[in-house]
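Remember, it's 1-based here, ligands and their atoms both numbered in the order they're listed. Numbers for residues simply follow the sequence, beginning at 1.
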Amino acid sequence: MVKVITYGTYDLLHYGHIRLLERAKALGDYLIVGVTSDDYDKTRGKINNQQSLMERVAAVKATGIADEVIVEEYEGQKIDDIRRYGIDIFTVGSDWTGYFDYLNEYCEVVYLSRTKGISSTEIRSSVSKVKLGLVGYSSFLNKFYRESKYVNSIEIIGLCSSDLSKLKEIVNDIELITDDYEKLLDNVDAVYIHSHPKNHFDQCKEALEHRKHVICESPLALTEEQCEKLLNLADKQKCVLMEGNRTAYLTAYSRLLLLLKAGKIGEIASVDATCTSLSTFENYGDKSLKWGSLEAWGATALLPVFQILGTDYNSVDVFSIPFKDYPYLDGFTKLNFLYKNSTATVKVGMNIKSESELIVSGTKGYAYIPAPWWKTDYFELRYENSAENKRYFYPVEGEGIRYELVQLSTAIRGGKPDYYIGRDVTKCIAKTFNQAEDS
Ligand code: CTP
C-alpha cells in the first residue's frame with residue numbers, strides 16, 4: 001500500500017484545496033492530511049485564519065478524500081510523521097517547490113501544480129475590511145499603523161490629530177488627515193484612540209454615539225462611573241468597545257495567566273510589575289496635559305495585578321517622585337496594593353530606570369517574566385528544586401499589536417464583546433487611576 005501525506009492550513013476550503021487533495025490521493029492508496037494548528041500557524045506568522053482548527057479539520061474531513069486527518073502542531077513534525085506513519089510520498093502544492101527537498105531523505109517528495117486564481121488569502125480579502133481611523137498624536141501610532149498591514153481584515157483609512165509632527169509616515173500614506181473628529185467618524189467603521197487618558201471618555205462616547213466600534217488605549221476612562229457609562233452605551237449601540245492593551249493578546253502572557261489559574265505556583269501571594277522607560281517629557285506631546293509615569297505606564301503595569309489577583313483589593317498606597325525638570329509630573333510612581341491574602345506592587349517610571357520585569361510569587365514557586373514583560377515571548381516557572389523549573393516560549397511577531405487587531409476584527413465581525421480583558425478589570429484600572437490622582 002502506498003501511503004501519501006500532505007499538509008496545509010485549509011482555511012475557508014476552496015476548490016484549489018480540493019483539487020490538490022484529489023491529486024494527492026491519486027498518487028497512492030492511502031492519504032493522510034495534516035491540518036496546521038492555530039498555535040503553529042501563529043508561530044509561522046499566519047495570524048489571519050478565519051476558521052478555527054476544528055472547523056478546518058471538519059471541512060477537510062467533509063471532502064471525503066482523506067483517509068485520515070491529523071493536526072500539525074510543531075516545526076519538524078513532518079519528519080516524525082513520515083517515520084511514524086511509514087509514508088512513501090510527501091506532497092504539497094508547487095508554491096512550496098524546493099522548500100521540502102530535505103524530506104527526500106525519508107520519502108519521495110512530489111510538488112503538484114498549484115491551481116491558478118484562487119487562495120484563502122484572496123477569499124479573506126474579498127470580505128469587506130473594517131475601516132479604521134486613528135486618533136491621537138503619539139509616535140506609537142506609527143507602530144500601530146505598520147502592524148495593521150499584517151491584519152488583512154482591517155484597513156486604516158484616516159487619522160484625526162491636533163499634532164502631526166511625529167506622524168509623517170502615516171500622513172504620507174493615507175488620504176483622510178483631519179483635526180475634525182466628526183469628519184473622521186463619518187468615514188470609518190471603528191476608531192483606535194491613543195490620546196491623553198483625560199480625553200478618552202469624551203472621544204469614546206462620541207464615537208459610540210455615532211455607532212462606531214472603539215478600541216481605546218488603556219485606561220478606557222478615568223473613573224469607574226465613566227467606564228460603566230461607556231460600556232452601557234456600547235451595549236446599547238451594539239458596538240464593540242475594546243480596551244487597547246497589546247499585552248493581554250500575546251500568547252505568552254495569556255498562557256501564563258492560565259497556568260497561574262491552574263495552580264502551577266500554588267496560591268498567589270504577590271504580583272510585582274515594573275514598567276520604566278527613560279523618555280523625555282517632550283516625547284509625550286501636548287504640554288497642557290499632565291502626562292507623567294502613571295499616564296504613560298500605569299495601565300500596562302496594573303493589568304496583571306487585576307487579572308491575577310482580582311479587583312477586590314482592600315487598599316492602595318501611592319508614592320511618587322516628581323519628574324526632574326517638570327515637578328508637576330511624576331517621574332516615578334510606586335503603588336502598593338493590599339488584598340485579603342496577597343499583595344501587589346506596581347512601579348512605573350519615565351525619569352528613573354529599573355528592571356522592567358514581572359514576578360508572581362506563590363506558595364509552591366514563582367513566575368518570572370523578563371523585561372520587557374509587556375511584549376514578552378518567554379517566561380519561566382521556577383521552584384525550590386530548580387530541576388522542576390520550566391521555560392515557555394511563544395513567538396511574538398513585530399510589536400505584538402497585530403494580535404490585538406485580529407481580536408478587534410473578530411469581535412466586530414462576530415458581534416461579540418472582546419473577552420480578553422474583563423469589564424471588572426477595565427473598571428478597576430480606571431478606579432485606581434482616580435485614586436492615584438487624588439492622593
Ligand atoms: N493549494 C493549491 N492551489 C491553490 C491553493 C492552495 O494547490 N490555489 C495547495 C497548497 O499548495 C497546499 C494546500 O493547497 O499544498 C493547502 O494550502 P493552504 O496554504 O492551506 O491554502 P492557500 O489558499 O494557499 O492559503 P493562504 O492564501 O492562506 O496561503
Side-chain angles (χ1 to χ4, degrees), residues 2-28 30-79 81-82 85 87-104 106-129 148-155 395 397-398 402-403 405-406 409-410 413:
V2 177
K3 279 186 150 185
V4 182
I5 198 161
T6 188
Y7 296 85
T9 306
Y10 302 102
D11 190 31
L12 307 170
L13 196 90
H14 53 70
Y15 72 84
H17 294 143
I18 294 174
R19 281 198 65 229
L20 186 287
L21 293 177
E22 283 170 348
R23 285 174 294 151
K25 176 74 188 250
L27 289 173
Y30 190 85
L31 175 66
I32 301 177
V33 180
V35 179
T36 49
S37 72
D38 295 327
D39 268 2
Y40 180 51
D41 269 335
K42 259 196 201 172
T43 66
R44 48 193 206 126
K46 257 196 164 189
I47 58 170
N48 289 302
N49 291 343
Q50 295 239 318
Q51 293 183 301
S52 67
L53 170 65
M54 298 310 278
E55 289 169 318
R56 292 181 285 115
V57 166
V60 170
K61 280 189 177 162
T63 64
I65 304 168
D67 296 289
E68 195 173 338
V69 179
I70 59 169
V71 175
E72 185 183 22
E73 290 175 289
Y74 56 90
E75 187 144 29
Q77 185 181 325
K78 292 184 178 76
I79 296 176
D81 289 342
I82 289 167
Y85 295 104
I87 297 297
D88 302 289
I89 300 174
F90 167 91
T91 184
V92 275
S94 53
D95 42 325
W96 294 99
T97 300
Y99 195 85
F100 293 109
D101 286 357
Y102 69 93
L103 295 175
N104 271 313
Y106 307 93
C107 66
E108 189 185 339
V109 176
V110 177
Y111 299 103
L112 292 168
S113 65
R114 188 182 159 91
T115 307
K116 291 201 173 63
I118 184 144
S119 72
S120 304
T121 307
E122 269 171 56
I123 303 175
R124 283 191 296 258
S125 59
S126 65
V127 180
S128 67
K129 296 185 180 209
S148 74
K149 297 191 174 163
Y150 294 90
V151 183
N152 58 27
S153 51
I154 284 191
E155 187 181 3
E397 294 281 332
R402 60 192 74 174
Y403 309 110
L405 277 168
V406 168
S409 102
T410 307
R413 288 193 166 153

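By the 4.0 Å N-to-carboxylate-O rule, R56 lies close enough to D38 to be salt-bridged with it. The residues R114 and D95 are annotated as salt-bridged, a charged nitrogen and a carboxylate oxygen being separated by less than 4.0 angstrom. Using a 4.0 Å cut-off between charged nitrogen and carboxylate oxygen, D67 and K25 count as a salt-bridge pair.
Every protein residue with a heavy atom nearer than 4.0 Å to ligand 1 is included here: G8, T9, Y10, H14, G16, H17, L20, K46, V92, G93, D95, R114, T115, I118, S119, S120, T121, R124.
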For residues 69-76, please give each side-chain donor-acceptor pair under 3.5 Å, one per line with the distance, not counting sequence neighbours.
unit_1	atom_1	unit_2	atom_2	d
E72	OE2	K78	NZ	2.7
Y74	OH	D80	OD2	2.6

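Side chain of T63 to backbone of I65: a donor-acceptor contact under 3.5 angstrom is found.
For the 3.5 Å distance criterion, the side chains of D81 and Y106 fail to qualify, holding no donor opposite an acceptor.
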